[in-house]
Number of protein chains: 2
Amino acid sequence: MNVIFEALAHPTRRAILEMLKGGSRTAGEIADAFDVSKPTMSGHFHKLKEAGLIHADQRGNSILYSINMSVLEEALLGFMGKMGVSARTEGEAT
Amino acid sequence: MNVIFEALAHPTRRAILEMLKGGSRTAGEIADAFDVSKPTMSGHFHKLKEAGLIHADQRGNSILYSINMSVLEEALLGFMGKMGVSARTEGEAT
DNA sequence: TAGCCTGTTAGCTATTTAGCTAAATAGCTA
DNA sequence: TAGCTATTTAGCTAAATAGCTAACAGGCTA
């Protein structure tokens, strides 16, 4: 769980996840969307992968990254549960 | 929002929040519950305060810390919203 | 007011992080 | 197989993080 929150601590990594929410992308496609070098992006991919938040798929020449929603959900809902944050935005029927 | 996720990235800080969920505590009470020095704990308080996640109240000699639930909720639910994570653990009626 | 708590600030160290360029690896294609 | 493309690894630097001890400051109380 800690490794997940550490991964979420960087804005670029959250933005990567947000981008992947819209569908899988290659490392290059993702990197092009940000203003840092590819090696730096590769480092971010590594942390996200380490946290289990994304999954890499070798696709011929390139690598297709996809988000692992269940891991993200489990972490967020799990933490919210521990914190007693209602998981419902409206209704509030505890 | 970034400052909040950075604050949540450290396990001790998440544990502090979890402890405060059960009610306000003085700095000393909180510090006693963890195995690091008081100055280190003071640093954690500072980051949590900076993120708006806790609130300090001078109570005579000591400082009473309380959690700021609305800030935490807003950040978590906001991020979940952006990520398309359903805020409902069951039902899933999109 | 002198001393005692409580908590923070100062100042230090070691480690980690995030960024870079250059080089290496892996797969495709001519 | 030579070369091209895509991505990672290596190796570096600067800055941030988390920890410590020692010293300071604010508020009680004898």
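Each chain gets a letter, A, B and so on, in the order its sequence line appears, and its residues count up from 1.
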Check whether any side-chain heavy atom of [X] sits under 4.5 Å from a side-chain heavy atom of [Y], and report yes or no.
X: A:Leu53; Y: A:Ile16; value: no
X: B:Arg25; Y: B:Leu20; value: yes
X: A:Met19; Y: A:Ile30; value: yes
X: B:Ile4; Y: B:Glu74; value: no

Closest approach of B:Gly52 and B:Val71, non-hydrogen atoms and distance? O-CG2, 3.4 Å
Please enumerate all protein N or O atoms sitting under 3.5 Å from an N or O of nucleotides 26-30 of chain D, with distances to 0.1 Å.
residue: D:dG26; atom: N2; partner: B:Asn61; partner atom: OD1; Å: 3.0

Could you tell me the Watson-Crick or G-U partner of [N], where both distances fall under 3.5 Å? Say none if there is no partner.
N: D:dG27; value: C:dC4
N: C:dA10; value: D:dT21
N: C:dA30; value: D:dT1

Nearest-angstrom distance from the residue atom [atom1] of [X] to [atom2] of [N]:
X: A:Asn2; N: D:dT17; atom1: CG; atom2: C1'; value: 13 Å
X: B:Ile54; N: C:dT8; atom1: CD1; atom2: C1'; value: 13 Å
X: A:Leu48; N: D:dT7; atom1: CG; atom2: P; value: 16 Å
X: A:Glu50; N: D:dT8; atom1: CD; atom2: P; value: 14 Å
X: B:Ile30; N: C:dG7; atom1: CD1; atom2: P; value: 9 Å
X: A:Leu64; N: D:dT5; atom1: CG; atom2: C1'; value: 16 Å
X: A:Ile63; N: D:dA6; atom1: CD1; atom2: C1'; value: 8 Å
X: B:Arg14; N: D:dA18; atom1: CZ; atom2: P; value: 11 Å

Is the phosphate of C:dT6 approached by B:Tyr65 (side-chain N or O, under 4.0 Å from OP1 or OP2)?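 Negative; the distance criterion is not met.
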Is A:Ser62 close enough to D:dA6 that one of its side-chain N or O atoms is under 4.0 Å from OP1 or OP2 there? no
Aromatic rings B:Phe79 and B:Phe5: how do their planes relate, parallel, tilted or perpendicular, breaks at 30° and 60°?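 Geometry flag for B:Phe5 against B:Phe79: perpendicular rings.
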Just by distance, do the side chain of B:Arg14 and the backbone of B:Leu8 share a donor-acceptor pair under 3.5 Å?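 Here the side-chain-to-backbone pair exists.
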If you restrict it to nitrogen or oxygen atoms, what contacts under 3.5 Å exist between nucleotides 17-20 of chain C and the protein, and what is each distance?
residue: C:dA18; atom: OP1; partner: A:Arg13; partner atom: NH2; Å: 3.3
residue: C:dA18; atom: OP2; partner: A:Arg13; partner atom: NH1; Å: 3.1
residue: C:dA18; atom: OP2; partner: A:Lys47; partner atom: NZ; Å: 3.3
residue: C:dG19; atom: OP2; partner: A:His44; partner atom: NE2; Å: 2.7
residue: C:dC20; atom: OP2; partner: A:Ser37; partner atom: N; Å: 2.8
residue: C:dC20; atom: OP2; partner: A:Ser37; partner atom: OG; Å: 2.6
residue: C:dC20; atom: OP2; partner: A:Thr40; partner atom: OG1; Å: 2.7

Does atom NZ (A:Lys21) have a neighbourhood of more than 12 heavy atoms from anything else shown, all under 6.0 Å? yes
Spacing of A:Leu17 atom CG and A:Met69 atom CE [to the nearest 0.5 Å]: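 Between A:Leu17 CG and A:Met69 CE, I get 8.5 Å after rounding to 0.5 Å.
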